[in-house]
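The structure appears right after this line, and notes come after that.
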Amino acid sequence: MAEVYDPQAVERKWQARWRDAGTYNVDNDDPRPPFYVLSMYPYPSGRAHMGHVRNYTFGDLIVRHRTMQGYAVLSPFGFDSFGLPAENAAIKTGVHPRIFTEERIPELKASVQAIGAVYDWRRELRSHDPSYIKWNQVIFQRFLEAGLAYRRNAPVNWCPGCQTVLANEQVLADGTCERSGDVVTKRDLEQWFFKITEYADELLADLDALEWPERVKTMQRNWIGRSEGAEFDMPVEGRPEVRVRVFTTRPDTSFGMTYAVLAPEHPLVPALTTDEQRGEVEAFVQRVRTESEIERMSTEGPLEKRGVFTGSHVINPFTNQPVPVYLADYVLMGYGTGAIMAVPGQDQRDWDFAQAYGLPIIRTVEPPEGWEGEAYVGDGPAINSEWLDGLPVAEAKATAIEWLEQHGIGERTVNYRLRDWLVSRQRFWGCPIPVVYCPDHGIVPVPQDELPVLAPDDVEFLPTGESPLRFHEGFLHTTCPVCGGPATRETDTMDTFVDSSWYFLRFCDPWNEDAPFDQAAVAKWMPVDQYIGGIEHAILHLMYARFYTKALADLGMAPKDLREPFKRLFTQGMIRMGGAKMSKSRGNLVAPEEVLGTHGADALRLAHLFVTPPGDDVDWEAFGIEGCSRFLRRVWRLAIPDSETAAPAADSVAIDRAAHRLIERVSDEYERWSYNTAVASLMEFTNLLSKEGTTPFAVDTLLLLMAPMTPHITAELWELRHGTDIHTQAWPQADPELTKLDTTTLVVQINGKVRDRIEVDPGLSEEEAERLALASPRVQEALGGGAPEKVISRPPRLVNVVV
RNA sequence: GGGCGAGUGGCGGAAUUGGCAGACGCGCAGGAUUCAGGUUCCUGUGUCCGAAAGGAUGUGAGGGUUCAAGUCCCUCCUCGCCCACCA
């Protein structure tokens with residue numbers, strides 16, 4: 001084996017050893033300092049694709065690096081095994097989703113192991129395991145008890161052709177069903193929600209302290225969408241007992257309100273519609289209801305058709321003047337109060353609407369001189385606003401709110417874009433919601449000793465897309481736990497984001513049969529020190545997991561002080577192919593195993609690390625797999641015992657010092673996630689060893705620094721050299737005395753242009769540097785005997801002579 | 001429409017704080033080894049002028065600050081991503 005590098009043989013040998021020896025198993029009483037590394041658990045879609053390889057390469061590198069640094073590294077793996085693909089496959093082929101899924105899991109597991117990624121497999125979990133389902137259901141019931149889970153009517157995507165509910169991703173961009181092509185409509189269903197909005201403020205505030213990419217934090221902030229403003233009431237003209245409540249972020253502009261707008265679904269619409277307008281209003285409301293989401297949300301189309309006058313007026317409390325009330329499809333019932341005051345002078349949308357309907361426009365903020373735009377949204381003194389005149393926007397807002405509160409008309413409010421989390425799914429292959437409906441006792445949780453509620457196996461999957469649970473008599477009919485009378489089971493299942501909202505906690509204590517997890521185990525490992533995954537989960541999964549962590553801590557299930565699940569987050573870039581996203585449907589997948597069979601796992605891992613910074617998107621065409629393979633063969637030839645290629649260095653002291661500098665540099669690059677430059681540093685050093693000769697210390701250092709990146713080849717070479725396991729060695733330490741350079745290059749510039757380079761002592765003074773620079777023949781020539789105008793001396797790097 | 005990024009050779013990319021632009025790799029060209037291909041090794045490789053030494057020029061465009069700008073400031077262009085009628 002030693003003579004020629006045979007990646008497949010080396011990789012087989014070491015992967016078997018890691019698996020059989022349980023090298024990366026870690027116990028909860030491990031005395032070393034804890035470090036928790038987690039890659040987002042995957043949906044088991046079969047063999048790994050390049051995106052998986054990229055993800056697990058980074059994760060595995062950190063596991064091995066931190067282990068060498070002396071940490072007890074928790075590195076678990078699991079499968080997000082509920083989900084729509086298995087159910088669709090069942091409808092197509094008749095194979096039960098469990099069978100289908102359980103065939104896919106070993107495929108993915110094998111390909112993860114084939115790239116040399118190591119985990120504590122004793123902790124493996126799958127969302128569809130009855131033990132996981134049980135605790136998932138227990139947590140649901142605790143949420144229900146605490147009022148964090150509740151039921152209400154909510155619209156779903158309904159396909160009239162298939163007679164079934166569709167997930168958003170099953171609705172095409174043109175608003176039609178992906179299967180039947182029918183236009184998808186909305187239909188109201190009683191559904192379960194989690195009250196994530198209760199945590200909106202905390203979810204927003206706690207983002208600041210997280211070591212996450214700013215981009216992801218910004219996306220979360222926008223998603224929560226906190227906005228401060230005021231709500232106030234406006235009585236209907238002639239009927240002061242009926243009042244319309246509006247939300248605004250600009251109470252300072254209230255004097256400029258020239259009309260008000262309600263959402264078409266607003267409950268006051270029938271009451272406010274005059275007989276004269278009834279026909280028109282009803283036609284409008286009807287049209288909006290049947291419009292697809294896409295049409296309604298489209299900003300296209302003439303504004304004239306997007307609103308209608310109700311015939312009523314409300315009194316603006318600021319001016320005591322009546323303003324007309326309109327309906328418009330762009331006002332949403334779900335945000336604020338579903339009703340707005342319209343100030344066309346200060347809001348472009350209101351301006352456009354006012355133009356289309358011939359409504360007056362009153363400016364309430366003085367636009368800057370020379371302003372030629374329409375609505376003005378910037379700061380400036382208030383005008384046309386009586387007692388607010390002259391105040392800048394912020395002060396005017398505060399004054400207006402104070403006035404509303406003093407007169408009992410309204411108050412300061414905070415609104416969020418964030419909605420409660422709809423967790424009901426009208427699907428089979430998910431975690432059943434553990435409640436029954438009793439005609440006498442209403443919603444009754446299934447007693448804990450009867451959990452888990454599991455879906456039956458004897459079901460038939462029909463291409464209607466309807467969940468078979470709804471027609472399974474044995475599942476559907478049960479008895480009420482309170483009275484023993486006949487009751488029916490909930491047939492909806494939970495959103496799979498529920499499963500992924502606490503799996504990282506279960507990993508701390510996956511064997512627990514008495515609780516979802518033990519508090520002490522969670523306290524030891526959590527929060528996750530390094531979480532790794534795709535940017536596509538920047539909003540939903542990460543928000544839900546944060547909510548779950550806070551809620552579980554508040555319910556006393558998790559440690560009280562555990563407020564956040566993921567201390568540090570890294571999101572890796574996507575892999576593309578010829579500019580397009582790699583995907584099965586495009587048929588542009590590159591199977592990892594093709595590369596494993598030719599160049600091996602180490603070369604593939606190295607190529608992933610080297611090709612680009614880890615956070616960037618990358619095209620497969622850019623991967624220099626050949627170059628990485630070539631580099632590994634070079635290392636092999638240099639490092640095998642009795643190597644014919646590796647000549648002993650003539651100046652071994654210089655080589656060893658270079659090795660110490662390499663330790664310093666590469667260690668820093670590991671900390672900064674600068675793996676692409678770390679590989680470059682290692683390549684540069686290897687070039688040096690080829691040219692200047694090797695020392696045992698230099699080669700050992702090279703292998704140690706490479707070990708987390710290319711674990712197989714380095715393990716094999718280390719064993720050949722020392723007979724021990726490289727992955728149990730300590731991470732090398734640079735000797736600061738030896739990293740110092742004897743000389744460094746001083747750049748001499750004349751007027752900012754490089755004119756000379758001088759080798760100097762790195763510790764030289766400003767004066768010495770200046771003296772050396774001025775003595776340079778090139779500088780002498782440029783000065784022509786005269787004196788320089790100015791000399792900037794920045795030893796030891798640069799001197800700039802201005803002439 | 002709003003928000004966030006990013007524009008550097010033929011390509012992926014490098015350049016901690018403003019201080020030698022293009023590290024490292026791919027590709028390409030030439031050479032050595034080889035019957036040949038592959039492998040391996042050596043040399044060259046931003047652009048323009050030059051045999052070379054060397055010089056000029058150069059980080060999307062334009063302007064500015066500075067002894068010095070890929071990096072900081074202003075204006076603009078292009079691309080990507082996210083949220084999108086949120087009052």
Side-chain angles (χ1 to χ4, degrees), chain A residues 4 213-223 225-227 229-231 246-251 253 260-261 263 296-300 303 306 328-332 334-343 346-350 352-353 415-419 535-536 538-539 573-574 606-607 610-613 615-628 630-631 633-634 637 645 665 668-669 672 674 676-687 690-691 745-757 788-794 797-803:
Chain A
V4 179
E214 262 328 298
R215 184 155 76 111
V216 176
K217 294 210 258 184
T218 305
M219 281 161 74
Q220 293 228 337
R221 285 189 190 106
N222 292 342
W223 190 256
R226 183 190 151 98
S227 63
E231 282 183 19
V246 295
F247 171 71
T248 177
T249 56
R250 294 294 303 275
T253 65
V261 187
R296 176 151 180 201
M297 289 302 153
S298 159
T299 49
E300 307 297 313
L303 218 39
R306 304 190 56 196
D329 62 355
Y330 64 80
V331 174
L332 310 174
Y335 186 77
T337 60
I340 62 164
M341 67 173 204
V343 185
Q346 260 60 57
D347 183 296
Q348 188 60 41
R349 225 178 17 222
D350 294 347
D352 294 338
F353 193 88
N415 249 289
Y416 298 93
R417 215 193 70 106
L418 183 70
R419 292 285 104 82
I535 188 77
E536 66 274 16
I539 299 176
M574 263 181 3
L606 198 66
F610 184 49
V611 67
T612 183
D616 291 4
D617 286 353
V618 60
D619 205 289
W620 174 253
E621 286 168 1
F623 274 67
I625 187 88
E626 298 280 351
C628 292
R630 199 170 297 158
F631 168 69
R633 288 195 297 268
R634 263 160 84 96
R637 287 195 305 272
T645 317
R665 184 164 148 194
D668 179 55
E669 286 166 326
R672 286 168 30 222
S674 187
N676 55 332
T677 60
V679 175
S681 305
L682 295 165
M683 286 175 167
E684 218 175 332
F685 187 67
T686 304
N687 291 343
S690 294
K691 208 176 269 178
T745 307
L746 177 77
V747 170
V748 180
Q749 294 182 337
I750 298 171
N751 292 333
K753 291 196 192 279
V754 181
R755 283 298 119 100
D756 205 356
R757 295 183 175 86
E789 192 177 306
K790 194 175 186 181
V791 180
I792 287 98
S793 182
R794 294 279 179 278
R797 304 189 67 166
L798 172 135
V799 173
N800 188 11
V801 180
V802 184
V803 295

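Letters A, B, ... are given to chains in the order of the sequence lines, protein chains preceding strands, and every chain is numbered from 1.
Residue-level contact check: N415(A) touches neither bases nor backbone, having no heavy atom under 4.0 Å from any strand. Across all strands, A680(A) comes closer than 4.0 Å to base atoms (heavy-atom distances). Within 4.0 Å (heavy atoms only), R757(A) reaches at least one base atom of the nucleic acid. If you check every strand for non-hydrogen atoms under 4.0 Å, R419(A) touches nothing. Using a 4.0 Å heavy-atom criterion, one finds that N800(A) contacts the bases of the nucleic acid, with or without backbone contacts as well. Heavy atoms of Q348(A) sit nowhere under 4.0 angstrom from any nucleic acid atom. Within 4.0 Å (heavy atoms only), G225(A) reaches no atom of the nucleic acid at all. Within 4.0 Å (heavy atoms only), V802(A) reaches sugar-phosphate atoms of the nucleic acid but no base atom.
When each of C24(B), A56(B), A87(B) is scored by its nearest atom to the side-chain atoms of E684(A), the top-ranked nucleotide is C24(B). Considering only the side chain of R672(A), U16(B) comes nearest among G19(B), U16(B), G27(B). Nearest to the side-chain atoms of K790(A) among the listed nucleotides C20(B), G25(B), C67(B) stands C67(B). Out of C82(B), C24(B), C81(B), the shortest distance to the side chain of M219(A) is found at C82(B). Side chain of R634(A), nearest nucleotide from C41(B), C81(B), C82(B): C41(B). Side chain of V611(A), nearest nucleotide from G27(B), C24(B), G12(B): G12(B). In this structure, the nucleotide among G55(B), G19(B), C4(B) sitting nearest to the side chain of R797(A) is G19(B). The listed nucleotides are C67(B), U16(B), A87(B); the one nearest the side chain of I792(A) is C67(B). Checked against C83(B), C4(B), A14(B), the side chain of T677(A) finds its nearest nucleotide in A14(B). Taking the side chain of R630(A) as heavy atoms from C-beta on, and the options C24(B), A87(B), C26(B), the nearest nucleotide is C26(B).
G27(B) and G12(B): their P atoms are spaced 15 Å apart (whole Å). Going from the C1' atom of G25(B) to that of C67(B) covers 36 Å, rounded to whole Å. Spacing between C24(B) and C79(B) at atom C1', rounded to whole Å, works out to 27 Å. With both ends at atom P, the span from A56(B) to U8(B) equals 26 Å, rounded to whole Å. G62(B) and C81(B) have their P atoms separated by 28 Å, given to the nearest Å. As rounded to the nearest Å, U33(B) and U40(B) have C1' atoms that lie 8 Å from one another. Spacing of C1' atoms, C49(B) relative to G13(B), comes out at 30 Å, to the nearest Å. Annotation: G80(B) and A32(B) have their P atoms spaced 48 Å apart (nearest Å).
Shown here is R672(A), whose CZ atom has more than 12 heavy atoms of other residues, nucleotides or ligands within 6.0 Å. The neighbour count for R221(A) CZ, taken as heavy atoms of other residues, nucleotides or ligands under 6.0 Å away, is above 12.
Residue R665(A) places no side-chain N or O under 4.0 Å from the OP1 or OP2 atom of U16(B). The side chain of R417(A) contributes an N or O atom lying less than 4.0 Å from OP1 or OP2 of A84(B). Taking 4.0 angstrom as the limit, R221(A) places none of its side-chain polar atoms (N or O) nearer than this to OP1 or OP2 of C4(B). For U40(B), the OP1/OP2 oxygens have a side-chain nitrogen or oxygen of R633(A) closer than 4.0 Å. T612(A) has a side-chain polar atom (N or O) that falls below the 4.0 Å cut-off from OP1 or OP2 of G13(B). Contact check, R794(A) against C67(B): no side-chain N or O comes under 4.0 Å of OP1 or OP2. Using a 4.0 Å cut-off, some side-chain N or O of N676(A) falls inside it from OP1 or OP2 of A14(B). When the side-chain nitrogen and oxygen atoms of N222(A) are compared with OP1 and OP2 of A84(B), none of them lie within a distance under 4.0 Å. Side-chain N/O atoms of K753(A) include one lying less than 4.0 angstrom from OP1 or OP2 on U57(B).
Computed from coordinates, the F623(A) CZ to G27(B) C1' distance equals 17 Å when rounded to whole Å.
Of all nucleotides present, none satisfies the Watson-Crick or G-U wobble test against A51(B) with each distance under 3.5 Å. When Watson-Crick and G-U wobble pairs are counted only if both distances are under 3.5 Å, A15(B) pairs with no nucleotide at all. Shown here, A32(B) forms a base pair with U40(B); the pair counts as Watson-Crick or G-U wobble because both key distances fall under 3.5 Å. Across all strands shown, U78(B) is found opposite A6(B) as a Watson-Crick or G-U wobble partner, with both distances under 3.5 Å. U45(B) is paired with G27(B) under the criterion used here, namely a Watson-Crick or G-U wobble arrangement in which both key atom distances are under 3.5 Å.
Of the possible polar contacts, none joining the Q749(A) side chain to the V801(A) backbone as a donor-acceptor pair under 3.5 Å is found. Judged by distance alone, the side chain of N800(A) and the main-chain N or O of G752(A) form a donor-acceptor pair under 3.5 Å.
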Worked verdict on F353(A) versus Y330(A) for side chain to side chain contact (heavy atoms under 4.5 Å, CB included): CA-CA 11 Å; F353(A) 193 88; Y330(A) 64 80; 3.5 Å; yes
Side chain to side chain contact (heavy atoms under 4.5 Å, CB included) between V216(A) and I535(A), worked out: CA-CA 8 Å; V216(A) 176; I535(A) 188 77; 3.8 Å; yes
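Contact check for I792(A) versus K790(A): side-chain heavy atoms found under the 4.5 Å cut-off.
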